[in-house]
Novice: 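Okay, here's the structure, questions in a sec.
Counting from 1, the numbers follow the sequence of the chain as shown.
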Amino acid sequence: MAAGEVIPKKKLLAYSSAEFPMSMASTPVGLFIPAFYTQDLGLGMAAVGAILMLSRFWDVLTDPLIGYLSDRTKTRIGRRKPWIIVSVPLVMFSIYHLFFPPADADELFLLIWVMLLWLGWTLFNIPYFAWGAELSTGYGERTRVTGWRTVAGLLGTLTAIAIPAASEEIFGWGGESGEMIFMIGIGVLCLMPFLVFPSIAFVPEKKDFIPAQMNIWLGLKIMWANRPFRRLLFAFVFSTLAVGLTAPLFVLFISHVIVDPTAAPKVVLGYYAGSLLGIPFWVWLAEKTDKHITWLFSISLMGIVFPQFLWLGEGDILLAAFFLFLVGIGGGNMAVVPTSMKADVIDLDRLESGEDRAGLFFAAWSTSTKMVTALGVGISLPALAYFGFDPTIVNGEDELFSLRAWFALVPVLFYLVSAILVVGYPITKARHKQIREEIENTLA
């Protein structure tokens, strides 16, 4: 759609619906799989951390390839939809095995099914997010698209957390990692095909695109020369690393610091409730000022709140949920605004390369952030093991302090670096208007 047009809400709802089951599935992978495979199935912390880290390096190959092929695909239903259709059965098959493993599941089992799950998500995410960037050329309207999609994802995540939390509260079952994963897996497998369908059936793809023709290496070279993209990418990478270093430790933090192994779904609801409530504010603020200004506010908020986790101890469930609520408000911006900024950067590439290559840009973005998330798991779990922390025993004060300190203080360093990169970001609302005018002049 043109820069001045408003996307109808029905169209945004249909497009965003596909994000609901995918986010519902991704929640346990980030939060509960590490604890489930170490505490419940007895695999070593260092081994699980290494597997979850190394398996993401598979995406170094698949992400650019899928992005490149997606940009060059031409079918009757579009260039993004065929990849999304193929992704659904692969994701569902992988989730079934990963969430419902046999009792004798070992490290090889985890590696195989995690790698297949990552491939399925690559087939879905890169074309789907590139498609979202192409729904509008408007500076503010793009934030609306990412806002709707993120809200749908957060609702999926909240559903994944709320069902086990409610079950634990009512029936006394659902608070342990294995119980949560079981319930979430059933929900995802039932909902996924039905909620992906509306986006495929009711949202048309952009028709007037210039397909990518240059080879992948030249395309990557031109993309890397895009200085605003590099700056945006590194800022997002450092913010993601801050999250990636803490997310794998969340269940361990609740189980051993708060000393309530069943409280994880209730506490994490604070984060996602904060994100859900914060998104309308961030979308509104991004329309009133430059997007990077709103992102800087959110990074500052998260950097201030995280150190407060250092003071938590046994029984501090409500306080932990409140801190996560505040972090979640900032996290809502991180899920919406940087992706909207990325669509603006792709316009600059359109001007410089003469091609519509959103898929390749989202592939590079996806690969980088996945690698950082994997590093978070691969660093945090072995680091805690090095400091003597053992999730299968009652740990001493020194070991518990290492868990608290890592969870509360390490992310702040990376938020600080991210904030430094965001200050003075060059593609403002005024600069983007100039870029769009130059693009329109080349098409005239």
Novice: Can the ring centroids of Trp148 and Tyr15 be said to lie less than 6.0 angstrom from one another?
Specialist: no
Novice: Between Phe129 and Arg80, is there a cation-pi geometry (under 6.0 Å to ring centre, at most 45° from the normal)?
Specialist: no
Novice: Near Phe109 CZ, under 6.0 Å, is it more than 12 heavy atoms from other residues, nucleotides or ligands?
Specialist: yes
Novice: Starting from the C-alpha separation in whole Å, work towards a yes-or-no answer on side chain to side chain contact (heavy atoms under 4.5 Å, CB included) for Tyr139 and Glu287.
Specialist: CA-CA 8 Å; Tyr139 183 84; Glu287 292 177 350; over 6 Å; no
Novice: Between Ser298 and Trp282, do the side chains contain a donor N or O and an acceptor N or O under 3.5 Å apart?
Specialist: no
Novice: For the CZ atom on Arg227, are there more than 12 heavy atoms of other groups (residues, nucleotides or ligands in this structure) within a distance under 6.0 Å?
Specialist: no
Novice: Can we call the ring centroids of Tyr96 and Phe99 under 6.0 Å apart?
Specialist: no
Novice: Got more than 12 heavy atoms from elsewhere within 6.0 Å of CZ, Phe100?
Specialist: yes
Novice: State whether the side chain of Arg357 and the backbone N or O of Tyr68 hold a donor-acceptor pair below 3.5 Å, judged by distance alone.
Specialist: no
Novice: Does the pair Asp344 and Lys291 meet the rule for a salt bridge (Lys or Arg N to Asp or Glu O under 4.0 Å), with working shown?
Specialist: CA-CA 10 Å; Asp344 301 333; Lys291 297 174 187 177; 2.7 Å; yes
Novice: Give the C-alpha distance, both sets of side-chain angles, the deciding distance and a yes or no for ring-ring contact (aromatic ring centres under 6.0 Å, His included) between Phe238 and Tyr415.
Specialist: CA-CA 7 Å; Phe238 282 110; Tyr415 283 132; over 10 Å; no
Novice: Output yes when a side-chain donor or acceptor of Thr367 lies under 3.5 Å from a complementary backbone atom of Ala364, and no otherwise.
Specialist: no
Novice: Using a 3.5 Å distance criterion without hydrogens, assess whether the side chain of Ser418 forms a donor-acceptor pair with backbone atoms of Phe414.
Specialist: no
Novice: Are Trp224 and Phe229 an aromatic pair, judged by ring center distance below 6.0 Å?
Specialist: no
